> 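This structure is in structure tokens; I'll ask about it shortly.
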There are 2 protein chains.
Amino acid sequence: MYSKELLKGTISAIILKLLSEHERMYGYEISMRVKDLTDGKILLKDGSLYPALQKMTADGLLSFKEEEVGGRTRKYYYITKLGQKEKTVFVEELKDFIETMNKIISPEFKPV
Amino acid sequence: MYSKELLKGTISAIILKLLSEHERMYGYEISMRVKDLTDGKILLKDGSLYPALQKMTADGLLSFKEEEVGGRTRKYYYITKLGQKEKTVFVEELKDFIETMNKIISPEFKPV
DNA sequence: TTTTGATATATCATATTACGATGTATATTT
DNA sequence: AAATATACATCGTAATATGATATATCAAAA
């Protein structure tokens with residue numbers, strides 16, 4: 001697991017990216033998916049995930065629909081049009097940032 | 001310029017990396033160097049840089065020597081042995097993090 | 001001549017944000 | 001019966017980058 005500081009500013013981008021590819025996902029599903037995708041290197045803790053989902057909904061990036069599944073209430077989140085726009089911005093910025101950091105950290109490394 | 005959140009946790013790594021390659025540098029020089037290396041995309045503001053240098057010195061990662069240059073006091077910073085060790089750890093973590101983020105953000109992109 | 005901009009350092013309050021701790025509740029596995 | 005996985009939520013804390021502010025020298029431009 002990475003230092004939590006490194007993750008700052010990336011959680012929203014990750015959530016938006018996943019939801020732009022999956023139509024709808026619920027919180028727990030997102031955290032499991034991220035865990036899988038990163039071989040357990042990024043663990044979205046519930047203390048981070050649920051507040052993030054709520055804030056993103058408040059900001060109009062996501063919407064949700066509650067459904068009863070096996071006696072439990074499940075919140076399915078969808079990405080909004082605004083979220084799609086933000087996703088592009090976030091992801092582009094993140095890509096650019098990664099390239100820039102690579103220049104400093106690994107000057108010998110050149111992406112294809 | 002990137003959102004400040006993205007930079008969290010990377011500033012120390014950047015400073016350690018530069019000082020591991022330059023024997024000694026002073027604050028302003030570091031900020032200029034980072035600006036150059038990143039085409040102005042990362043600007044270490046003085047409100048971030050000087051506290052960071054002080055904290056890293058307090059943590060034993062850096063040492064410094066004051067010198068008078070043109071009537072002004074200049075603090076030359078050196079990386080310590082502990083700093084060298086930390087640099088390896090930080091930079092490796094950052095590289096690994098970058099790779100992991102790439103997996104999520106650009107699943108089609110494979111580093112060489 | 002004055003003032004702007006670059007050089008060079010520093011401190012403090014603020015805002016952001018990920019996370020640990022804690023709580024609730026059901027279903028499944030041991 | 002107990003432990004684990006599923007599924008959500010809230011609150012206080014800690015870390016940290018930055019804006020604002022301050023001080024001071026020097027060169028160049030207005």
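Here the structure is a predicted model, which means the values were calculated and not measured. All values below were derived from every heavy atom in this structure, side-chain atoms included, with hydrogens, water molecules and symmetry-related copies excluded. A, B, ... follow the sequence lines: proteins, then strands. Residue 1 opens every chain.
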> Among A:Thr38, A:Leu6, A:Thr10, find the one that has a side chain to side chain contact (heavy atoms under 4.5 Å, CB included) with B:Met101.
A:Thr10
> Measure from CD on B:Glu67 to P on C:dT9 and round the result to the nearest Å.
12 Å
> Can you tell me if A:Tyr26 touches the phosphate of D:dA7, counting only side-chain N or O atoms and a distance under 4.0 Å to OP1 or OP2?
yes
> Could you check A:Glu5 against A:Leu53 and say which one's nearest nucleotide on DNA chain D is further toward the 5' end?
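Its nucleotide being nearer the 5' end, the pick is A:Leu53.
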> Do B:Lys8 and D:dT16 have a side chain to base donor-acceptor pair shorter than 3.5 Å?
yes
> Would you kindly give the NZ-to-P distance between B:Lys55 and D:dA15, to the nearest whole Å?
8 Å
> Rounded to the nearest Å, what distance is computed from the CG atom of residue A:Asp59 to the P atom of nucleotide C:dT17?
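Rounded to whole Å, this separation is 9 Å.
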> If the plane angle is over 60° it's perpendicular, under 30° parallel, otherwise tilted; pick one for A:Phe64 and A:Tyr77.
tilted
> Atom CD1 of A:Ile30 to atom C1' of D:dC8: distance rounded to whole Å?
13 Å
> Taking NZ from B:Lys4 and C1' from D:dT16, how many angstroms apart are they, rounded to a whole number?
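In whole Å, D:dT16 C1' and B:Lys4 NZ are 9 Å from each other.
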> If I take atom CG in residue B:Leu44 and atom P in nucleotide D:dG19, what distance separates them, rounded to the nearest angstrom?
12 Å
> Of the candidate nucleotides C:dT11, D:dT6, D:dT16, which contains the atom at the shortest distance from the side chain of A:Arg74?
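Among C:dT11, D:dT6, D:dT16, the one nearest the side chain of A:Arg74 is D:dT6.
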> Please state how far atom NZ in A:Lys45 lies from atom C1' in D:dA9, giving the value in whole angstrom units.
17 Å
> Enter the distance from B:Ile105:CD1 to A:Leu18:CG here, rounded to the nearest 0.5 Å.
8.0 Å
> Could you check which of D:dT10, C:dA18, D:dA17 has an atom nearest any side-chain atom of A:Leu7?
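For the A:Leu7 side chain, the nearest candidate turns out to be C:dA18.
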> Please determine, for the side chain of A:Gln54, which listed nucleotide (D:dT10, C:dT11, D:dC8) has the closest atom?
D:dT10
> When you measure from the side chain of B:Arg72, which nucleotide among C:dT7, D:dA17, C:dT11 comes out closest?
C:dT7
> Under a 4.5 Å cut-off applied to non-hydrogen side-chain atoms, are A:Ile79 and A:His22 in contact?
no
> Please state whether the phosphate of D:dT6, meaning OP1 or OP2, lies under 4.0 angstrom from any side-chain nitrogen or oxygen of A:Tyr28.
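Yes, because at least one side-chain N or O of A:Tyr28 sits under 4.0 Å from OP1 or OP2 of D:dT6.
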> Check this one for me: any side-chain N or O of B:Thr73 less than 4.0 Å away from OP1 or OP2 of C:dT9?
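So the side chain of B:Thr73 is outside the cut-off, no N or O lying under 4.0 Å from OP1 or OP2 of C:dT9.
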> Which comes earlier along DNA chain C counting from the 5' end, the contact point of A:Ile11 or that of B:Lys75, where each point is its nearest nucleotide?
B:Lys75
> From CG of A:Leu49 over to C1' of C:dA18, roughly how many Å is that when rounded to an integer?
11 Å
